[in-house]
Amino acid sequence: SQSDFEHIDTKTFRHEDVREVGAEWMCRQAIDQLELSAFLKDRGFDEQQINTCLMHIVSRAVYPASEHKTEQWISGSSAVAELFGKEPSRVSRHMLYKAATDLYGLKDGLEKHLSLKTNELFDLDDKIILYDLTNTYFEGRKANSKIAQFGRSKEKRSDCKLVVLALVTNQEGFVKYSRFFSGNTTDCTILTAIITTLESYTHHTRDIKPIVALDAGIATGDNLALLKEKGYDYVCVSRTKLKEYKLAATDPVILHDNVGNPIIISRVESNHENEQEDIFLQVHSPQKALKEASMKQHYNGHIETQLSALKTSIAKKGGVKKYEKVVERIGRIKQRYAKAAQYYNITVSHDNGKATDLTWALTAAKNLPEDGVYFLRTSLKKNDESTLWKIYNTLTELEASFRTLKTDLNLRPVFHKLDKTTEAHLFLGILAYSLVASIRYRLKAKKINHDWRNIIRIMNTQKIVVTTMKNDKQQTIMIKACSQPKAEALEIYTALKYKTMPYHLKKFVFPQNGT
């Protein structure tokens with residue numbers, strides 16, 4: 001290229017409008033690989049709509065916040081608008097609200113497109129699909145909402161109304177299908193609404209359908225029967241610990257978890273007639289046993305301390321003696337420590353409506369569940385213990401997806417007032433997660449295992465800077481340049497096979513009067 005020399009007054013140097021660009025540029029290239037622009041164009045979106053929608057998805061992935069805060073971020077500190085041909089000062093929260101609802105209007109088609117595209121990009125086959133539920137909570141009363149209802153919060157926010165998110169992914173963590181339900185919907189009643197749609201959202205080359213891995217909360221007898229009826233095999237945790245069973249004559253298999261702790265797996269033979277068609281495995285984790293024993297000791301100590309205090313109060317002058325009051329106190333203790341209290345036999349001696357003594361004892365040892373033991377249940381007949389356990393443990397990938405959605409992509413809490421905008425907010429997070437999953441899948445293949453927040457931190461070290469100066473002709477020269485990526489950011493670009501910067505330098509020269 002031709003050299004460009006100027007005589008510059010160094011005292012006139014000004015660095016202005018410094019903006020983050022690395023994370024935005026990385027996500028821009030990921031979204032191009034997913035061919036969302038072509039998808040939206042085929043659905044009748046014009047260029048302005050397409051760029052606004054894609055900009056909003058990238059914004060949610062890089063800076064997960066409300067539309068109001070996202071508007072401020074785009075206007076003040078990010079180069080994301082420029083990457084999509086927009087003037088930052090002209091991006092409003094109203095544009096972002098509309099983009100989110102427009103995308104939600106294409107939910108089914110978008111999820112099918114992303115399901116197919118990620119399988120093509122990464123040469124995947126949906127041999128195993130994972131299904132689980134979570135919920136997130138609202139801030140505000142949500143008085144007129146149908147979807148926001150009180151229910152059992154996964155985050156212990158029983159004071160807030162909830163919305164339930166059902167998610168189906170493949171074993172690599174890519175979303176196949178999602179659906180939203182009201183917050184009072186129970187885990188075990190949703191599968192019927194999901195299972196009939198799975199066939200059109202999964203892509204597999206084999207003649208048989210994929211294996212479904214699901215957690216105990218969903219693995220009711222009716223749901224497992226439904227899976228069988230629809231032709232799906234499954235692997236799950238048994239909802240209850242088997243009582244009438246014996247270990248099979250075969251030797252147990254010893255495996256190790258991700259941190260090297262031993263896992264002992266034995267085949268069992270159940271005598272329950274409704275369970276005879278399935279295979280059961282007893283999974284014993286010595287490390288889990290130690291943890292459960294420690295927790296029992298902790299909660300048992302709390303229960304017995306409070307029962308001892310109540311017993312002392314009964315015997316003490318002026319203490320609680322009325323029988324109904326004593327029973328009420330015991331009820332509160334049981335409620336507070338419900339999981340541990342179920343294994344205590346508590347007896348109140350009383351005479352003429354007054355409590356005279358209080359005694360308690362742990363249930364007989366043979367009736368207590370064994371620490372560190374749970375049971376896997378599967379309809380698969382020919383797989384070995386090691387394979388079945390690994391299939392079930394793919395659920396940890398789905399748990400990681402929920403953590404990313406809720407924490408890294410700000411799916412909680414929800415502030416929107418209308419159900420339509422609430423669902424659009426949640427769906428935008430799922431679209432942003434598609435970018436996150438694509439990028440992290442590529443990086444993991446190159447042994448780069450950073451969490452998403454750390455990836456954003458590293459990439460945010462790359463900036464776009466506007467520099468102005470005056471030359472000897474009193475002209476103002478403006479240079480917009482992208483900084484070179486630092487070593488860690490360059491490593492990420494290289495692993496992803498992405499371009500390292502959107503452009504190197506843009507130069508503008510203004511006459512002395514600035515016109």
Side-chain angles (χ1 to χ4, degrees), residues 23-62 64 67 70 74 80-86 91 95-126 129 165 167-170 172-180 197-205 401 404-405 409 411 420-421 423-442 496-499 502:
E24 292 89 332
W25 177 232
M26 173 185 66
C27 288
R28 169 68 209 244
Q29 295 180 83
I31 213 168
D32 287 345
Q33 287 182 322
L34 293 172
E35 298 182 3
L36 288 180
S37 179
F39 173 86
L40 295 176
K41 186 176 181 180
D42 289 344
R43 298 310 186 277
F45 281 41
D46 62 33
E47 186 176 355
Q48 288 294 325
Q49 284 179 294
I50 291 170
N51 286 336
T52 302
C53 288
L54 299 186
M55 179 186 67
H56 199 7
I57 296 171
V58 169
S59 298
R60 174 58 65 86
V62 177
E67 279 76 7
T70 301
I74 291 173
V80 68
E82 182 179 343
L83 296 180
F84 289 94
K86 292 187 171 295
V91 176
M95 291 171 57
L96 300 177
Y97 283 131
K98 186 177 185 306
T101 53
D102 285 347
L103 288 167
Y104 184 57
L106 300 176
K107 177 182 178 297
D108 290 349
L110 274 168
E111 286 186 330
K112 287 181 180 179
H113 170 82
L114 289 170
S115 173
L116 178 61
K117 196 64 196 174
T118 50
N119 278 27
E120 289 178 353
L121 275 174
F122 304 113
D123 192 24
L124 304 177
D125 190 11
D126 295 331
I129 55 174
L165 166 62
L167 205 62
V168 179
T169 74
N170 60 11
E172 290 79 16
F174 292 106
V175 173
K176 303 280 106 179
Y177 179 66
S178 67
R179 188 162 171 182
F180 313 120
T197 64
L198 282 180
E199 183 64 28
S200 61
Y201 283 80
T202 54
H203 308 274
H204 46 91
T205 57
S401 301
T404 299
L405 280 164
L409 298 177
L411 220 59
K420 184 177 180 180
T421 53
E423 293 177 5
H425 163 83
L426 296 173
F427 183 60
L428 186 68
I430 291 170
L431 292 177
Y433 172 76
S434 297
L435 297 186
V436 175
S438 297
I439 290 168
R440 292 198 68 216
Y441 184 82
R442 288 179 180 272
L496 295 170
K497 297 182 180 180
Y498 287 172
K499 294 179 181 179

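As the structure is a computational prediction, the values presented were derived from the model and not from experiment.
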Exercise. Given the rule in the side chain to side chain contact (heavy atoms under 4.5 Å, CB included) test, do V91 and T70 qualify, once you have shown the distances and angles that lead to the verdict?
Worked result: CA-CA 9 Å; V91 176; T70 301; over 6 Å; no
Hey, are the side chains of [X] and [Y] touching, using non-hydrogen atoms and a 4.5 Å cut-off?
X: L83; Y: P502; value: yes
X: L110; Y: L103; value: yes
X: L54; Y: I50; value: yes
X: N51; Y: E47; value: yes
X: L409; Y: I430; value: no
X: M55; Y: I74; value: yes
X: L114; Y: K176; value: no
X: L405; Y: L165; value: yes

For this session: Begin with the C-alpha distance, continue with both residues' side-chain angles, and end with the deciding distance and a verdict on side chain to side chain contact (heavy atoms under 4.5 Å, CB included) for L36 and I57.
Result: CA-CA 10 Å; L36 288 180; I57 296 171; 4.2 Å; yes
Exercise. What pairs of residues pass the salt bridge (charged side-chain N to carboxylate O under 4.0 Å, His left out) test when at least one of them lies in residues 115-124, not counting sequence neighbours?
Worked result: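 Those involving residues 115-124 are E35-K117, K117-E120.
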Distance from [X] atom [atom1] to [Y] atom [atom2], nearest 0.5 Å?
X: I129; Y: Y177; atom1: CD1; atom2: OH; result: 12.5 Å
X: D126; Y: T118; atom1: CG; atom2: OG1; result: 7.5 Å
X: S434; Y: H113; atom1: OG; atom2: NE2; result: 9.5 Å

Exercise. Would you say W25's side chain and V80's backbone share a donor-acceptor pair under 3.5 angstrom?
Worked result: no
For this session: Walk me through it: do C27 and I439 pass the test side chain to side chain contact (heavy atoms under 4.5 Å, CB included)?
Result: CA-CA 8 Å; C27 288; I439 290 168; 4.1 Å; yes
Exercise. Listed by chain and number, what are the side chain to side chain donor-acceptor pair (under 3.5 Å) partners of Y104, not counting sequence neighbours?
Worked result: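 Expected list: E423.
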For this session: Please list, chain by chain and in numerical order, all residues satisfying side chain to side chain donor-acceptor pair (under 3.5 Å) with T404, sequence neighbours excluded.
Result: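 Not a single residue meets the side chain to side chain donor-acceptor pair (under 3.5 Å) criterion with T404.
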Exercise. Would K420 and T101 satisfy side-chain hydrogen bond (donor to acceptor under 3.5 Å, both in side chains), going step by step from the backbone distance to the final call?
Worked result: CA-CA 8 Å; K420 184 177 180 180; T101 53; 5.6 Å; no
Problem set entry | Partners passing ring pair (Phe, Tyr, Trp, His ring centres under 6.0 Å) against H56 (at least two apart in sequence or in another chain) |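 Partners of H56 under the ring pair (Phe, Tyr, Trp, His ring centres under 6.0 Å) test: none.
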Exercise. F84: what forms a ring pair (Phe, Tyr, Trp, His ring centres under 6.0 Å) with it, not counting sequence neighbours?
Worked result: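 Here no residue qualifies.
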Table please: side-chain donor-acceptor pairs of residues 38-46 below 3.5 Å, with sequence neighbours left out.
unit_1	atom_1	unit_2	atom_2	d
D46	OD1	Q48	N	3.1
D46	OD1	Q49	N	2.7

Problem set entry | Residue of the set Q33, R28, Q29 for which side chain to side chain donor-acceptor pair (under 3.5 Å) holds with Y498 |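 Going through the options one by one, the only one that passes is Q33.
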Problem set entry | Atom of A437, atom of G173 and distance for their closest heavy-atom approach | CB-O, 4.3 Å
Problem set entry | Charged N-O contact under 4.0 Å between K98 and D102 | yes
For this session: Decide, yes or no, whether a salt bridge links K107 with E111 under the criterion of side-chain N to carboxylate O below 4.0 Å.
Result: yes
Problem set entry | Polar contact flag, side-chain donor to acceptor under 3.5 angstrom, D125-N119 |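 Not at all, the side chains of D125 and N119 share no donor-acceptor pair under 3.5 Å.
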Problem set entry | Criterion side chain to side chain contact (heavy atoms under 4.5 Å, CB included) on F174 and S115, from CA distance to verdict | CA-CA 7 Å; F174 292 106; S115 173; over 6 Å; no
